[in-house]
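The block underneath contains the structure these notes are about, expressed in structure tokens.
It should be emphasised that the depicted structure is a prediction, and the values quoted were computed from it without experimental measurement.
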Amino acid sequence: MVTGDDILGSWVMVDRGTDSEEDAKQALERYGDDPQGFMIFAPDGWMNAIVCWGGRPELPGNPAWHADAPEAEKARAYDTYLSYGGQWTVENSRLSTRVAYALNPGWIGGNQERDLEMTDDGHLILKLSRAWPDGRVMHGWVKWKRAG
């Protein structure tokens, strides 16, 4: 059984996968063939997770300020980046995060749920099942290693 103490600290994404061909195709379009991610679980009960396209290009225009970038480029940056944070708990190897901050405003106030697995070599696997709008259910996973 995975506990909250087991996941404390910082983690770097190693790999991700799914049992859904459609989800795999969308993930490749969204995160590329070298997705990157980072997450932190703090002992005070707060967490933050990021997944993005590895090697995303800078937005055109002034790199210190994104407001002058074309709308299509800003939309592409949004579509290739996922981030959320909030207060987390673990019970029965299930992570629940009450989302306080998110790139997608629709997640704020909701819960993100993941099943947890710890491999013998110390990797953390977060598993997710979700239904698409058409009712199909996909089962995905993200594999993480300790940062450092």
Side-chain angles (χ1 to χ4, degrees), residues 1-59 63-67 69 73-134 136-148:
M1 182 170 304
V2 181
T3 69
D5 287 341
D6 295 327
I7 68 170
L8 284 176
S10 302
W11 298 84
V12 176
M13 190 170 81
V14 173
D15 198 6
R16 68 177 309 278
T18 179
D19 67 351
S20 163
E21 192 173 310
E22 180 64 23
D23 185 60
K25 180 182 172 206
Q26 288 183 356
L28 184 61
E29 290 170 1
R30 184 169 188 186
Y31 302 118
D33 58 6
D34 183 28
Q36 297 178 356
F38 187 77
M39 63 182 181
I40 300 169
F41 293 96
D44 64 2
W46 284 86
M47 66 80 67
N48 184 253
I50 297 165
V51 175
C52 67
W53 184 295
R56 295 184 323 146
E58 286 185 14
L59 290 171
W65 185 250
H66 64 275
E73 297 295 326
K74 289 191 276 187
R76 179 74 178 143
Y78 176 94
D79 284 343
T80 59
Y81 192 89
L82 172 121
S83 177
Y84 70 96
Q87 294 183 296
W88 65 274
T89 59
V90 172
E91 188 173 323
N92 297 320
S93 295
R94 185 157 180 87
L95 169 67
S96 178
T97 302
R98 182 73 173 164
V99 179
Y101 307 97
L103 179 64
N104 178 346
W107 285 19
I108 297 171
N111 289 320
Q112 288 293 312
E113 306 280 337
R114 307 287 188 270
D115 290 320
L116 301 172
E117 178 184 325
M118 192 71 70
T119 65
D120 290 340
D121 61 356
H123 287 95
L124 176 63
I125 299 175
L126 276 64
K127 299 177 181 179
L128 166 70
S129 296
R130 74 171 168 226
W132 288 103
D134 65 6
R136 288 180 300 115
V137 176
M138 62 75 62
H139 305 282
W141 54 269
V142 182
K143 185 176 184 180
W144 304 84
K145 68 178 181 178
R146 288 206 177 269

inquiry  = For Ser10 versus Phe38, what's the shortest heavy-atom pair and its separation?
reply    = CB-CZ, 3.8 Å

query = Are Arg76 and Trp53 in a cation-pi setup, meaning NZ or CZ lies under 6.0 angstrom from the ring centre and within 45 degrees of the ring axis?
reply = yes

query = For Met1 and Asp6, which heavy atoms make the closest approach, and how far apart are they?
reply = O-OD2, 3.7 Å

inquiry  = Is it true that, when you exclude Asp120 itself, more than 12 heavy atoms of the residues, nucleotides or ligands shown sit nearer than 6.0 Å to its CG?
reply    = no

ask   = Quick check: does any side chain N or O of Asp34 sit under 3.5 Å from a backbone N or O of Gly54, one acting as donor and the other as acceptor?
value = no

Contact summary for His139 and Ser129, nearest pair of heavy atoms = ND1-OG, 2.6 Å

query = Which heavy-atom pair separates Lys127 from Glu117 by the least distance, and what is that distance?
reply = NZ-OE1, 2.7 Å

request  = Please work out which of the three classes, parallel, tilted or perpendicular, describes the rings of Trp46 and Tyr101, given edges at 30° and 60°.
outcome  = tilted

query = Is there a donor-acceptor contact under 3.5 Å from the side chain of Arg146 to the main chain of Gly122?
reply = no

ask   = Side-chain donor-acceptor pair under 3.5 Å between Thr119 and Asp121, yes or no?
value = yes

query = Nearest 0.5 Å, what's the CG-CD distance between Leu95 and Gln112?
reply = 9.5 Å

query = Which atom names give the shortest non-hydrogen contact between Leu59 and Ala69, and what distance separates them?
reply = CB-CB, 4.0 Å

message = Using only atom types and a distance under 3.5 Å, with no angle test, would you say the side chain of Trp107 pairs donor to acceptor with the backbone of Ser83?
response = no

message = Between Arg16 and Lys143 (side chain of the first, backbone of the second, donor and acceptor by atom type, cut-off under 3.5 Å), is there such a pair?
response = no

Ser96 side chain vs Glu113 backbone, donor-acceptor pair below 3.5 Å = no

message = Does Lys145 have more than 12 heavy atoms from other residues, nucleotides or ligands lying within 6.0 Å of its NZ?
response = no

remark   = Looking only at heavy atoms, the pair that brings Met13 and Trp144 closest together is N-CE3, 3.2 Å

inquiry  = For the backbone of Tyr84 and the side chain of Asn48, can you confirm whether one donor and one acceptor N or O come within less than 3.5 Å of each other?
reply    = yes

query = Heavy atoms, side chains only, cut-off 4.5 Å: are Trp88 and Ile7 in contact?
reply = yes

query = Between atom OG1 of Thr3 and atom CG of Leu116, what is the distance when rounded to the nearest 0.5 Å?
reply = 9.5 Å

query = Do other residues, nucleotides or ligands put more than 12 heavy atoms under 6.0 Å from Asp44 CG?
reply = yes

